[in-house]
Structure formats: structure tokens, C-alpha cells
Amino acid sequence: MGMSVGELAAHVRGGELRAREVVEAALERIEERDGKINAFVEVDADGALATADSIEPGDERPFAGVPIAIKANTPVAGLPMTFASKFLEGHRPGHSAYLVRRLQEAGFVIVGITNMPEFGILPTTEPRFGGPTRNPWDTDRTPGGSSGGAAAAVAGGMLPVAHGNDGGGSLRIPASCCGLVGLKPSRGRVSRGPDLGESFLASDGVLTRTVAETAQLLDVLAGYEVGDATWAPRPAEPYTLSARRDPGRLRIAMTADNALDADVDPECLRGMHETADLLAALGHEIEEASPALPGKDTLRLFTAAFGPAISLQITYGELLAARSPEDDDIEPLSRAIADIARGMTSVEYLASVAQLQALARGIVAFFAEYDVLLTPALAERPLPIGECNGVGEDPMADFARSGQFTPFTALFNVTGQPAISIPAGFGEDGLPTNAHLVGKPLGEDTLLQIASQLEAARPIAATRPETAAD
């Protein structure tokens, strides 16, 4: 999978490659590599090949014949949507999400469903049901989460692109662990339908190797769907075009301060500082500055908003199963968070959301003075498998531990701003290092432009882990 999504589609359109050849190559790589990585919940080889056989040379769809996978918390008709939980084992929805329809209408071929932590809670991907996904750069380390299977599939060379979503960093964290590009779009940019009208915290997107591919996929996914409760306004031009424009001289704030007061690994700081130096060399103005960050109580408020979303997924399972989960049906952390959520009153939930929204206004006001905020992407190197999985005697301790690992991302799910994780080189441990850029509300175009500048000045997308060597 050395070619980009655009190159693959062009070769299929021009007849140099048959769609079946492209999909077969992806399936062969999955069969060869996934035994060590465990990125997939299920591979739908027969369905993917049947779809590929229906694609002829000259197909005008922009990505006809390009393979992609969908995360296990998003409905694809006939394929498993388990949320990586034993409780939903065997659940195969009869409908697809609107974003899945958009991908299929653009010509993408869905080859399977990727792994995630149970109910998407942790920034590691080690569900008890299905087992851990491993980082292709070091199989003793996490690929991040919750879109960890998606990131591992792309970093491991099994696919050129994979779907994911981000409710607290779940695109940006695995991008950072695996050296990929991960953009969390603005709130309302990508429809959550048909099952949800909107989501306060979560946005859908993709994991890719290059900024251009991220822009191309955002053009496919973005836009209003009938019945959406809220939506972001249409951009002035396609992101594929705006990503190639010069953003001009930007004023960029830089900080390693974080709301959880987490210590930051020197390698993570290096990624931020070297990115700042490169941005300065590109003509941008860099200033050490931080928005007024909330205190550690933010974790309690975030959990009060995040927890009910987790509990809703478990309730969905209860409706399907017509029973409550037994002790071994869901993991201890899932049960603990659901118990917290169910112990809250509706007024307590709404009060927490109101406090988060007030906090968000203060953060967004900071961007009246700055175009972009630069932070480290992570506070630590990718964690060893088993260090933070939520199945021990004190699962909430793992939840708190996860915040120390990833203190820079969830704040911008609360504000709804776009944010992107981009490669910034490699540490002495051989693992990727990323930097994290946050834009103004609805400012995906500026983020893509500056990320494109950095990518051109620091071209490392072609560097692959040994597990992905062709």
C-alpha cells in the first residue's frame, strides 16, 4: 500500500489496476500481518471482492476501488458493531451510518471492521473481548485508542486509510502513537446520523499517512444530512483545494501546560519545540502562551458528560439483548463508568455540560489573539501493552491514569474546535513522535494548510515500520 488514496483511484480509473487487484493486495497484507497486530475485528473478504468486481475502469467516483475499514462503534449493514464488548457479540446492524454511505458513494470498498477499547473509553486498545491491538512500530506498545485498530491497520501497511472517531482524542492519540495524520473535525462537520442527531464531544474522521489524504476524505465526509440537529456551515471551498493554499503569516501560541498538570516526556516536548522552530523558519510568529486552563476538576466534569454517552451504548446493548449485562459481559471500567452515569440526576448532567460550555467559551476567546495553538500530542511515549487496560481491581485508577498519558486532546472535544496530530519525527526508542495543532472554530482549512507546510518541510510519511515493509 505504498500509493495514496488518490493514486490508487487514478490507477483504477485509468485501467492500469483493476479494483479487484487493489482490494486483493489489501486483503493479502491483512492476512499476512494482522496475526501480529490484531487490528481487525472482522475482515469481509467476500463482500469486499464482490464490490471490487463491480467497479470498472473509467468509474468516475473519486475513490473507486480504494479499500477502507470502519471502526467497531459505527454501523455498517451486515457487519459487526460490537463496541469491542462481549455484550454485543453477534450484533450486525441492518443499516449503515450516513458517513459509511458517503464513503461507498465515493467508491471506497469496505474490507472490514477495526478494533477498539470496549465502548471507546480508554486511549489504549486492549479489549478483553477480542484482545489487544499492537503498535506496528513496537508490538509490545499500544497503538493508542480508541481508534487503535484503525491506526494500526494504516501504520502496518494493511490499508491506505481507515475510519475512526474522536470523543476525547481518539483519532489524534492513535495518530500520535503510530506516526500518522489524525484530524478531529469541528463539532457538526461530519453527520452522526442516522442514529444520532448530534454529539457534544465526538467527531468522525480518518487516519491517513498524508495531509492531502486527510483533506480529500474530509471533503467526502463533511456536510449536512437531513435531520441533523446541528451542523457546521459549508466551507468556502473544498478542503482539497484550501489545503494547498499558503496560509500567510500566522500567529501561533505554544504551550506544554495542560489542565491535568501532567508531566511531559522530554521526547514529546522535543516534538513540540522542533515543530515550533520549523514553523518559525516557515515565517510564522511563535509565542509561548496558553489559554487559561481549568484545574484537575475538569476530569470530573468531562466524565460527567462522557460517562452518559458510554452508558447509552450499554443501554443500547440491553435493548438488543433484552437483559442487563452479566458480570463477564462488560469490563470493570465500563461498569464503573456506567454506574457513575446512572447515579447522576439529569440536572447534574446538564449542570456539568453547562460548566464545560462556560469553560469552552474562555478557551475559544484565547483564539481571538492567536490563529493556532501548538502543544505536544501526548505526555508520554506509547504505553506498554497491559499498563492501562481498565480490567484490574481499580478500573477508575486506569481511567485517571489515561488522562496523564493524554492530557492535551479532550479539552478540544469540549470546545468543539478542530485539532490535528501530525508526525514530528522519531524518538531514540524508534517510536514516532507527533505534534498537536488546534485551530479556531471551523478552522480546518488553516490547520490543513499549516500541516501541509510542515509535511513538505519534514517529509517522513514514507518511513514505515519493519512490520509494514513490502
task = Go through the steps for Ile68 and Leu159 under the test side-chain contact (heavy atoms from CB on, under 4.5 Å), then give the verdict.
result = CA-CA 6 Å; Ile68 194 169; Leu159 292 174; 5.8 Å; no

task = In sequence, state the C-alpha distance, the side-chain angles, and the governing distance for Val438 and Leu447, and then conclude on side-chain contact (heavy atoms from CB on, under 4.5 Å).
result = CA-CA 7 Å; Val438 184; Leu447 285 184; 5.8 Å; no

key: Working for side-chain hydrogen bond (donor to acceptor under 3.5 Å, both in side chains), residues Ser452 and Gln449   = CA-CA 5 Å; Ser452 296; Gln449 288 163 2; over 6 Å; no

From CA spacing to verdict: side-chain contact (heavy atoms from CB on, under 4.5 Å), Leu103, Leu99 = CA-CA 6 Å; Leu103 290 168; Leu99 69 89; 4.2 Å; yes

task = Evaluate side-chain contact (heavy atoms from CB on, under 4.5 Å) for Leu411 paired with Ile363, printing each intermediate quantity in order.
result = CA-CA 9 Å; Leu411 182 61; Ile363 300 296; 4.1 Å; yes

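Side-chain contact between Pro160 and Thr208 is absent, with no heavy atoms from C-beta onward closer than 4.5 Å. Looking at heavy atoms from C-beta onward, Ile337 lies in side-chain contact with Met396 at the 4.5 angstrom threshold. The shortest side-chain heavy-atom distance between Gln417 and Phe367 falls under the 4.5 Å cut-off. Residues Phe83 and Ile314 fail the side-chain proximity criterion, which asks for heavy atoms closer than 4.5 Å. When side chains are defined from C-beta on, Ile121 counts as touching Ser334, because their heavy atoms get closer than 4.5 Å. The shortest side-chain heavy-atom distance between Leu383 and Phe405 falls under the 4.5 Å cut-off. Counting heavy atoms from C-beta outward, Val161 and Leu207 have side chains that stay 4.5 Å or more apart. Annotation: side chain of Glu380 is not in contact with side chain of Glu267 (no heavy-atom distance under 4.5 Å).
Taking CD from Glu198 and CG from Asp228, the interatomic distance works out to 9.5 Å, rounded to the nearest 0.5 Å. Leu282 contributes atom CG, which lies 6.5 Å from atom CG of Leu454 (distance to the nearest 0.5 angstrom). Atom OG1 of Thr230 is separated from atom OH of Tyr224 by 10.5 Å, given to the nearest 0.5 angstrom. Rounded to the nearest 0.5 Å, atoms CG (Leu218) and OG1 (Thr240) are 8.5 Å apart. The CG atom of Leu79 lies 8.0 Å from the OG atom of Ser96; values are rounded to the nearest 0.5 Å. Rounding to the nearest 0.5 Å gives a distance of 7.0 Å between CG of Asp166 and OG of Ser147.
Considering every non-hydrogen atom in both Ala232 and Leu442, the closest pair reads CB-CD2, 3.8 Å. The minimum heavy-atom distance between Thr74 and Ala97, with the atom names listed, is CG2-CB, 3.8 Å. Scanning all heavy atoms of the two residues, the minimum distance from Ala435 to Gly271 falls at CB-O, 4.2 Å. For Pro185 against Ser203, the heavy-atom pair with the smallest separation is O-OG, 3.3 Å. Taking all atoms of both residues into account, the shortest heavy-atom contact from Pro143 to Ala152 is CB-CB, 4.3 Å. When all heavy atoms of Ile460 and Ala424 are compared, the pair lying nearest together is CD1-N, 4.1 Å.
A salt bridge does not link Glu318 to Arg323: none of the charged side-chain nitrogens sits closer than 4.0 Å to a carboxylate oxygen. Classification of Glu118 and Lys86 as a salt-bridged pair fails, no side-chain N sitting under 4.0 Å from a carboxylate O. A salt bridge is absent between Glu444 and Lys184: the closest approach of a Lys/Arg side-chain nitrogen to an acidic carboxylate oxygen does not fall below 4.0 angstrom.
Side chain of Arg209 to backbone of Val154: a donor-acceptor contact under 3.5 angstrom is found. A distance-only check finds no donor-acceptor pair linking the side chain of Asn165 to the backbone of Asp204 [under 3.5 Å]. Under a 3.5 Å cut-off, the side chain of Gln453 and the backbone N or O of Asp246 do not form any donor-acceptor pair. Not a single donor-acceptor pair under 3.5 Å links the side chain of Thr124 to the backbone N or O of Glu126. Arg172 places no side-chain N or O within 3.5 Å of a backbone atom of Val181 that could act as its donor or acceptor partner. Put simply, the side chain of Asp138 never gets that close to the backbone of Leu431: no donor and acceptor are under 3.5 Å apart. Here the side chain of Arg134 pairs no donor or acceptor atom with the backbone of Ile37 at under 3.5 angstrom. A donor-acceptor contact shorter than 3.5 Å is absent between the side chain of Ser290 and the backbone of Thr255. Listed for the Trp137 side chain is a donor-acceptor partner under 3.5 Å among the backbone atoms of Cys178. One N or O on the side chain of Ser402 and one on the backbone of Phe399 form a donor-acceptor pair closer than 3.5 Å.
For the residue pair Thr275 / Arg458, a side-chain donor-acceptor distance below 3.5 Å is found, with atom types taken as modelled. A side-chain N or O of Ser146 and one of Lys71 form a donor-acceptor pair less than 3.5 Å apart. Counted by atom type alone, His436 and Ser421 present zero donor-acceptor pairs between their side chains at under 3.5 Å. Side-chain atoms of Gln216 and Tyr239 form no donor-acceptor pair, as typed in the model, at a separation below 3.5 Å. One side chain, Ser311 or Arg342, offers a donor N or O that lies under 3.5 Å from an acceptor on the other. Between the side chains of His284 and Arg249, no donor N or O sits under 3.5 Å from an acceptor N or O.
Within the structure, salt bridge (Lys or Arg N to Asp or Glu O under 4.0 Å) pairs that include any residue of residues 364-374 comprise Arg251-Glu369, Asp371-Lys440 (at least two apart or interchain). Pairs of residues two or more places apart, or lying in two chains, never qualify as ring-ring contact (aromatic ring centres under 6.0 Å, His included) while including a residue from residues 242-274. Here side-chain hydrogen bond (donor to acceptor under 3.5 Å, both in side chains) pairs that include residues 381-397, with residues two or more places apart or in two chains, are Arg381-Asp429, Arg381-Thr433, Glu387-Arg401.
For Phe129, the ring pair (Phe, Tyr, Trp, His ring centres under 6.0 Å) criterion is met by no residue, not counting sequence neighbours. By the ring pair (Phe, Tyr, Trp, His ring centres under 6.0 Å) test, Phe302 is found to be paired with Phe306, residues two or more places apart in sequence or in another chain being considered. Annotation: salt bridge (charged side-chain N to carboxylate O under 4.0 Å, His left out) contacts of Arg245 (sequence neighbours excluded): Glu237.
For Asp263, the CG atom counts as loosely surrounded, since its 6.0 Å shell holds 12 or fewer non-hydrogen atoms of other residues, nucleotides or ligands.
In this pair, Phe108 and Phe63 present their aromatic rings parallel. The plane angle is below 30°, not in the 30 to 60° band.
Checking each of Thr125, Thr114, Asn115, Asp34 against Thr133 for a side chain to side chain donor-acceptor pair (under 3.5 Å) leaves exactly one that passes, namely Asn115.
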